[in-house]
Engineer: 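Provided herewith is a single structure, encoded as structure tokens, for subsequent inquiry.
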Amino acid sequence: MQPHESPANPGKFGPYRQSERKALYTPYAEQLVEQGHAYYAFDTPEELERMRQNFKTEANPSPTYDGTTRLQMRNSLTLTPQETETLLANGTPRVVRIKMPHNQNIEFADMIRGSISFNSSMVDDKVLLKADGMPTYHLAVVVDDYLMEITHAFRGEEWLSSAPVHVLLWQYLGWQQHMPQWAHLPLILGPDGAKLSKRHGNKYGFPIFAMNWTDPSKSELTEGFKERGFLPEAFINLLALMGWNDGTGQEIFSKAAMAAAFDMSRVHSAGAQFDYEKAKWYNQEWIKRLADTDLAERLKRFDEGRFGHINQELLGKVVGLVKERCHLLTDFWNQASFFFQPPETFDTNAIAPKWTSEKTAFFQALLKDWGAAEQWEPSEIEQRFKNLANTHLLKPGELMLPLRIMLVGGKFGPGVFDVATMVGQPETLRRIEHVLQLLFTANASTEMV
RNA sequence: GGCUCGUUGGUCAAUCGGUUAAGACGCCUCCCUUUCACGGAGGAAUGACGGGUUCGACUCCCGUACGGGCUACCA
């Protein structure tokens, strides 16, 4: 997506980094305190932990800092104004918490879910401003959205339960008429039905993040979709189709087509499980759709070491030959390396059991016949191959697989004569000769035993 | 536990009260292909449960069950 404004493309709503906006938030937090909608809390982490332990019961396993407990804590509500002043003046660590009203119905509209309501007594006194002076998400999202004139706030469903805090803040700050429209998007779920997380990626072996990500605390690398070989087009496409569709059954959308077809009213409210198989299918569809030259360029960028030095035109042709059997960009090397270098291994087991001396004779003759060919193109060499098979009283069919193994190394890849043409006459002959030798030595050793 | 959101095949999903309940992924069979794929033709597989409302419910309402999210000085 192209943001209207960003640190890289500044406009009138900057700065954009929360650290650079730090000073902005404090006045609003103080304003809320003055209005009685928030208060200073001086509780230490230990005191908070003690509170959670003390109030913990079977019926209420996780007590919160709220209307039922705030009067028993150390804050500007329980302290005298003088005590509060002193603590503040001394620079005692403190946070600003919102004072959730008692038994008030907080209702708001969600573009996807319709009307949603919460009872304020059920919501805790969230921290607005942390001890280090930085705002929490709850304060920041409201202040930023107001200052940046945001009209629509789309976020994941996991934010739904803190939405009442945000709605109240819009009211308390007096900006109610500027509040954005809310849309809580369905969650992307893992194969087990729980909110998709890094855990799922490790467990099932698929990427979770768009790009490589290194956990700064553990310096542990998590491979991204990009590095795994997904195209941006496919990634955006598959993501958008989780929880939305245009109703026609169309599944492949370019970004522009998606923007034109998108309609909030068609967004689901239920979470969608991520299916890696389907994700790969989307990528394959996009690979098939992209122009060969475009794909060739992307491949060069994707795997500089392997494709970087290959002639652009040659790579384009090869890509056209193999792309429909590739799901990921990483598949291309496996599917096409034999065009650029001799196979490292040859699946001789696929042909050795049925090998005969007649076949040896045929391929030796083929070496001469193809060696003499002046036209090196698919139809020409195929005709020569078949004619030669006939004179050797062999069926072309039993010779095709051996030839394939000789040229590509295994039972896969485009038509053999296309491969031979692309690889070139000298290299083709070299590979035939090489595998003939392999077979010969294998047979010889067998006979020795 | 509380609050809250959700529930059509294994997965993504169409249906906006009346259909033989689409389509896609995956799986299986066959065709094409002298490999693998692509492509084509078929197949198996779905409305959580119980009540209402209605001439008629997958569709509207209620309850139950099940699942998710949140329950931090993280987002």
Side-chain angles (χ1 to χ4, degrees), chain A residues 18 41 43-45 48-49 52 56-66 93-97 110 112-114 116-119 121-124 126-138 140-141 155-164 184 186-187 189-195 238 241-252 265-266 268-282 284-285 288 321-327 331 335 347 350 382 385-386 389 395-405 407-408 410-416 419:
Chain A
Q18 204 162 84
D43 313 276
T44 63
L48 289 173
E49 185 49 37
R52 292 190 185 106
K56 189 170 170 180
T57 62
E58 190 132 320
N60 181 15
S62 42
T64 57
Y65 207 119
D66 58 21
R94 72 345 170 105
V95 300
V96 174
R97 307 187 87 111
D110 182 276
I112 295 169
R113 288 151 219 281
I116 295 181
S117 66
F118 290 83
N119 184 303
S121 297
M122 296 296 138
V123 184
D124 61 324
K126 291 266 184 258
V127 170
L128 264 20
L129 205 61
K130 299 190 263 184
D132 63 3
M134 287 295 284
T136 59
Y137 172 81
H138 305 294
V141 72
R155 67 218 312 198
E157 194 193 340
E158 72 261 44
W159 290 107
L160 200 53
S161 41
S162 45
H184 290 90
L187 258 20
L189 278 15
D192 60 359
K195 183 167 91 165
L238 72 91
L241 270 281
M242 305 210 67
W244 171 83
N245 69 83
D246 75 344
T248 69
Q250 182 179 341
E251 293 190 279
I252 304 298
S265 71
R266 293 200 60 90
H268 275 231
S269 47
Q273 285 190 33
F274 176 74
D275 180 356
Y276 189 49
E277 291 306 314
K278 183 111 189 194
K280 285 192 291 187
W281 174 79
Y282 274 108
Q284 184 186 28
E285 288 298 312
K288 285 193 291 186
L321 247 24
V322 303
K323 67 177 181 178
E324 65 261 20
R325 56 209 94 199
C326 296
H327 286 88
D331 291 332
Q335 289 295 331
D347 184 9
E382 179 171 3
F385 183 87
K386 286 183 174 168
K395 279 185 265 182
E398 31 181 350
L399 299 165
M400 296 283 270
L401 188 61
L403 180 60
R404 168 171 298 283
I405 301 296
L407 298 186
V408 323
K411 295 160 71 170
F412 64 96
V416 259
V419 174

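In this text the structure is predicted, and so the values were computed from the model without any measurement. Proteins get letters first, then strands, A, B, ... in listed order; numbering begins at 1 in each.
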Engineer: Each nucleotide in nucleotides 32-42 of chain B should get exactly one letter: B, S or -. Can you fill that in based on protein heavy atoms under 4.0 Å?
Structural biologist: --BBBBSS---
Engineer: Would the distance check show the side chain of Lys280(A) and the main-chain N or O of His327(A) forming a donor-acceptor pair, the cut-off being under 3.5 Å?
Structural biologist: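 Such a contact is absent between Lys280(A) side chain and His327(A) backbone.
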Engineer: Of all residues at least two apart in sequence or in a different chain, which pass the side chain to side chain donor-acceptor pair (under 3.5 Å) check with Lys395(A)?
Structural biologist: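 For Lys395(A), no residue satisfies side chain to side chain donor-acceptor pair (under 3.5 Å) once neighbours in sequence are set aside.
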Engineer: Quick one: do the His184(A) and Arg155(A) side chains pair a donor with an acceptor below 3.5 Å?
Structural biologist: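 A pair is found: one side chain offers a donor N or O, the other an acceptor, under 3.5 Å apart.
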Engineer: Using a 6.0 Å distance limit plus a 45 degree cone around the ring axis, check whether Arg325(A) lies over the aromatic ring of Phe412(A).
Structural biologist: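 Relative to the ring axis of Phe412(A), which defines the angle, Arg325(A) lies outside at least one limit.
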Engineer: Could you pull out all residues at least two apart from Pro61(A) that satisfy side-chain contact (heavy atoms from CB on, under 4.5 Å)?
Structural biologist: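 With neighbours one apart ignored, the set is empty.
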Engineer: Could you tell me how far apart His184(A) (NE2) and rG6(B) (P) are, to the nearest whole angstrom?
Structural biologist: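 Computing the His184(A):NE2 to rG6(B):P distance gives 12 Å.
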Engineer: Rounding to an integer number of angstrom, what distance separates rU20(B) and rC38(B) when you compare their P atoms?
Structural biologist: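 Pairwise P distance, rU20(B) against rC38(B), rounds to 35 Å.
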Engineer: Given rA13(B), rG68(B), rU4(B), identify the nucleotide with an atom nearest to the side chain of Ala272(A).
Structural biologist: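 Ranking rA13(B), rG68(B), rU4(B) by closest atom to the Ala272(A) side chain puts rA13(B) first.
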Engineer: Could you go through the side-chain contact (heavy atoms from CB on, under 4.5 Å) check for Ile116(A) and Leu160(A) one step at a time?
Structural biologist: CA-CA 9 Å; Ile116(A) 295 181; Leu160(A) 200 53; 3.6 Å; yes
Engineer: Check side chain to side chain donor-acceptor pair (under 3.5 Å) between Glu49(A) and all other residues, then give those that pass, not counting sequence neighbours.
Structural biologist: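 Per chain and number, Glu49(A) pairs via side chain to side chain donor-acceptor pair (under 3.5 Å) with Gln53(A).
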Engineer: Whole angstrom is fine here: how far is it from CD1 in Ile112(A) over to C1' in rU4(B)?
Structural biologist: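 Taking CD1 of Ile112(A) and C1' of rU4(B), I get 16 Å after rounding.
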Engineer: Check whether Glu324(A) reaches the backbone of Cys326(A) with its side chain - one donor and one acceptor, N or O, closer than 3.5 Å.
Structural biologist: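 Between the backbone of Cys326(A) and the side chain of Glu324(A) there is no qualifying donor-acceptor contact (under 3.5 Å).
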Engineer: What is the separation between atom CD on Gln273(A) and atom P on rU7(B), rounded to the nearest whole Å?
Structural biologist: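 After rounding, the gap between these two atoms is 14 Å.
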Engineer: Just the atom pairs and distances: protein N or O near nucleotides 61-67 of chain B's N or O, under 3.5 Å.
Structural biologist:
none

Engineer: Check side-chain contact (heavy atoms from CB on, under 4.5 Å) between Glu382(A) and all other residues, then give those that pass, not counting sequence neighbours.
Structural biologist: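 Partners of Glu382(A) under the side-chain contact (heavy atoms from CB on, under 4.5 Å) test: Lys386(A), Phe417(A).
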Engineer: Provide the closest heavy-atom pair for Phe385(A) versus Pro396(A) in the form atom of the first, atom of the second, distance.
Structural biologist: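 Taking every non-hydrogen atom into account, CE2-O, 4.2 Å.
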Engineer: For Tyr282(A), answer base if it contacts any base atom (sugar-phosphate contacts may also be present), sugar-phosphate if it contacts only those atoms, and nothing otherwise; contact means non-hydrogen atoms under 4.0 Å.
Structural biologist: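 Contact class for Tyr282(A): none.
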Engineer: The criterion is side chain to side chain donor-acceptor pair (under 3.5 Å); which residues satisfy it with Ser269(A), sequence neighbours excluded?
Structural biologist: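 Once residues adjacent in sequence are excluded, Ser269(A) has no partner under the side chain to side chain donor-acceptor pair (under 3.5 Å) criterion.
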Engineer: By nearest heavy atom, map Ile116(A) and Trp281(A) onto RNA chain B; which one lands nearer the 5' end?
Structural biologist: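 Mapping each residue to its closest nucleotide by heavy atoms, the 5'-most match is Ile116(A).
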Engineer: Kindly write out the residues that satisfy side-chain contact (heavy atoms from CB on, under 4.5 Å) with Ala270(A), not counting sequence neighbours, or none if the list is empty.
Structural biologist: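 So Ala270(A) forms no side-chain contact (heavy atoms from CB on, under 4.5 Å) with any residue.
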Engineer: Can you tell me the distance, in whole Å, between the CG atom of Leu241(A) and the P atom of rG23(B)?
Structural biologist: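 Rounded to whole Å, this separation is 17 Å.
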Engineer: Please convert RNA chain B into dot-bracket. A pair counts if it is Watson-Crick or G-U wobble with both distances under 3.5 Å; crossing pairs go in [ ] and bases paired with another strand get |.
Structural biologist: (((((((..(((.....[....))).(((((.......)))))....(((((..]....))))))))))))....
Engineer: Examine rA14(B): is either OP1 or OP2 under 4.0 Å from a nitrogen or oxygen in the side chain of Asn245(A)? Give yes or no.
Structural biologist: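 It does, given that an N or O in the side chain of Asn245(A) lies less than 4.0 Å from OP1 or OP2 of rA14(B).
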Engineer: Please name all residues satisfying side chain to side chain donor-acceptor pair (under 3.5 Å) with Asp124(A), sequence neighbours left out, ordered by chain then number.
Structural biologist: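 In terms of side chain to side chain donor-acceptor pair (under 3.5 Å), with neighbours along the sequence ignored, Asp124(A) is linked to Lys126(A).
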Engineer: Residues in side-chain contact (heavy atoms from CB on, under 4.5 Å) with Asn60(A), at least two apart?
Structural biologist: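 Residues passing side-chain contact (heavy atoms from CB on, under 4.5 Å) with Asn60(A): Thr57(A), Pro63(A).
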Engineer: Atom CG of Leu189(A) and atom P of rG10(B): how far apart are they, to the nearest Å?
Structural biologist: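 The answer, rounded to whole Å, is 16 Å.
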Engineer: Please give, in whole Å, the distance from rG2(B) C1' to Lys56(A) NZ?
Structural biologist: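 Interatomic distance, NZ of Lys56(A) to C1' of rG2(B): 14 Å.
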Engineer: Quick check on rG69(B): is either OP1 or OP2 less than 4.0 Å from any side-chain nitrogen or oxygen of Arg113(A)?
Structural biologist: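 No, no such contact exists.
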Engineer: Which is true for His268(A) with a 4.0 Å heavy-atom rule: it touches a base, it touches only sugar-phosphate, or it touches nothing?
Structural biologist: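 Contact class for His268(A): sugar-phosphate only.
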Engineer: Check the surroundings of atom NZ in Lys411(A): do more than 12 heavy atoms from other residues, nucleotides or ligands lie under 6.0 Å from it?
Structural biologist: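 Check fails, neighbour count at 12 or below.
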Engineer: Quick one: Leu160(A) CG to rC5(B) P, roughly how many Å, whole number?
Structural biologist: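 Distance, rounded to whole Å: 7 Å.
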Engineer: Figure out the CG/P separation between Asp275(A) and rC27(B), and round it to whole Å.
Structural biologist: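 Atom CG in Asp275(A) sits about 11 Å away from atom P in rC27(B).
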Engineer: What string of B, S and - do you get for nucleotides 70-75 of chain B, 5' to 3', when a contact is any protein heavy atom under 4.0 Å?
Structural biologist: SB-BSB
